[in-house]
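Inspection log for the structure reproduced underneath, given as structure tokens.
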Amino acid sequence: MTKQQLLALWQGNSWERSPAGIYFISCKSDKDLHFSFSGYSEKDVKSIPDPLMKRLATEISELDQEALHLINENFPDEDIEGISLTDIMFDKSGCYDAFALGYYVGESPAGELYLLVSFGEEFEANPEVICEVY
């Protein structure tokens, strides 16, 4: 999928290219959604299959609900009500399978804390939630 196609599909803006990857912000929903393609060049982004990205755009609400359900299952004693989807992440290394949905949880002594739920190419969720600090 080309840069123009991605931006049109996700109503994106703020396309940034750096040695670390490609980044843009989607304004498709009522709040900004940050996309990151870690380790990707613009040429590499074209290698992401169009059907995967179109399906992701179509099913994002359902995937968000599934991810929040998994987060609640993994952290039953934590007060995580009110967290919402903030990021969609792709990593060329494959560490997130096909992609991950990210949720900003708040500040920790080590930095900003995110909970991530990764999904495979068939949109099956990994039941283990990833905790990352930035």
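The 12-atom threshold is not exceeded at NZ of Lys43, counting heavy atoms of other residues, nucleotides or ligands nearer than 6.0 Å. By the 6.0 Å contact criterion, NZ on Lys46 is open, its count of non-hydrogen atoms from other residues, nucleotides or ligands being 12 or less. Around atom CD of Glu121, no more than 12 heavy atoms belonging to other residues, nucleotides or ligands sit under 6.0 Å away. Within a 6.0 Å sphere centred on CZ of Arg17, other residues, nucleotides and ligands contribute 12 heavy atoms or fewer.
If you take OG on Ser41 and NZ on Lys92, they are separated by 6.0 Å, rounding to the nearest 0.5 Å. Annotation: the span from Asp91 atom CG to Asp97 atom CG amounts to 11.0 Å, rounded to 0.5 Å. Between the CD atom in Glu78 and the CG atom in Asn74 there is a gap of 11.5 Å [rounded to 0.5 Å]. To the nearest 0.5 Å, atoms CD1 (Ile71) and CD (Glu66) are separated by 11.0 Å. Rounding to the nearest 0.5 angstrom, the gap separating the CD1 atom in Ile48 from the CE atom in Met1 is 9.0 Å. Atoms CG and CZ, on Asp50 and Arg55 in that order, are 15.0 Å from each other to the nearest 0.5 Å.
Transitive grouping of hydrophobic side chains (ILVMFWY, heavy atoms separated by less than 4.5 Å) brings Phe37 and Leu52 into a common cluster. Tracing side-chain contacts under 4.5 Å through hydrophobic residues (I, L, V, M, F, W, Y), one never reaches Tyr96 starting from Val133; they form parts of separate clusters. Linking Ile, Leu, Val, Met, Phe, Trp and Tyr residues whenever their side-chain heavy atoms come within less than 4.5 Å places Ile88 and Leu63 in a single cluster. In the hydrophobic cluster analysis, where Ile, Leu, Val, Met, Phe, Trp and Tyr join through side-chain heavy atoms closer than 4.5 angstrom, Val129 is grouped together with Ile80. There is a path of hydrophobic side-chain contacts, each under 4.5 Å, that joins Ile60 to Phe90.
Checked against the 6.0 Å centroid criterion, the rings of Tyr23 and Phe35 do not qualify as a close aromatic pair. Residues Tyr104 and Tyr134 keep their aromatic ring centres 6.0 Å or farther apart.
Checking side-chain atoms of Glu124 against main-chain N and O of Glu122 turns up a donor-acceptor pair under 3.5 Å. Checked by atom type and distance alone, the side chain of Asn126 pairs as donor or acceptor with a backbone atom of Glu128 at under 3.5 Å. A donor-acceptor pair under 3.5 Å links the side-chain atoms of Asn72 to the main chain of Leu68, judged by distance alone. No side-chain donor-acceptor contact under 3.5 Å links Ser36 to the backbone of Ser38. With Lys28 contributing its side chain and Leu33 its backbone, the two residues share no donor-acceptor pair below 3.5 Å. A donor-acceptor pair under 3.5 Å is absent between the side-chain atoms of Glu59 and the main chain of Leu56, judged by distance alone. Without hydrogens or angle criteria, Ser26 side chain to Trp10 main chain gives a donor-acceptor distance under 3.5 Å.
In this structure, Asn13 and Cys27 approach most closely via the heavy-atom pair ND2-SG, 3.4 Å. Residues Phe24 and Gly12 approach most closely at CD1-CA, 4.0 Å, considering heavy atoms. Nearest heavy atoms, Leu70 versus Ala125: CD1-CB, 3.5 Å. Here the shortest heavy-atom pairing between Ala98 and Gly120 reads CB-C, 3.6 Å. Taking each heavy atom of Ala67 and Tyr103 in turn, the nearest pair found is CB-OH, 3.3 Å. The minimum heavy-atom distance linking Asp44 with Gly39 is given by the pair OD2-O, 3.8 Å.
Checking Gln65 against His69 by side-chain atom types alone, no donor-acceptor pair falls below 3.5 Å. Using modelled atom types and a 3.5 Å distance limit, the side chains of Trp15 and Gln4 yield no donor-acceptor pair.
The side chain to side chain contact (heavy atoms under 4.5 Å, CB included) test with Glu132 is passed by exactly one of Leu115, Leu116, Leu113: Leu116.
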Are Ser61 and Asp64 close enough, and set up right, to give a side chain to side chain donor-acceptor pair (under 3.5 Å), and what steps lead you there? CA-CA 5 Å; Ser61 294; Asp64 178 29; over 6 Å; no
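Residues Lys3 and Val45 are not in side-chain contact: their nearest non-hydrogen atoms beyond the backbone lie 4.5 Å or more apart.
Taking the six-membered ring where the residue is Trp, Phe99 and Phe119 present parallel rings, their angle staying beneath 30° rather than reaching 60°.
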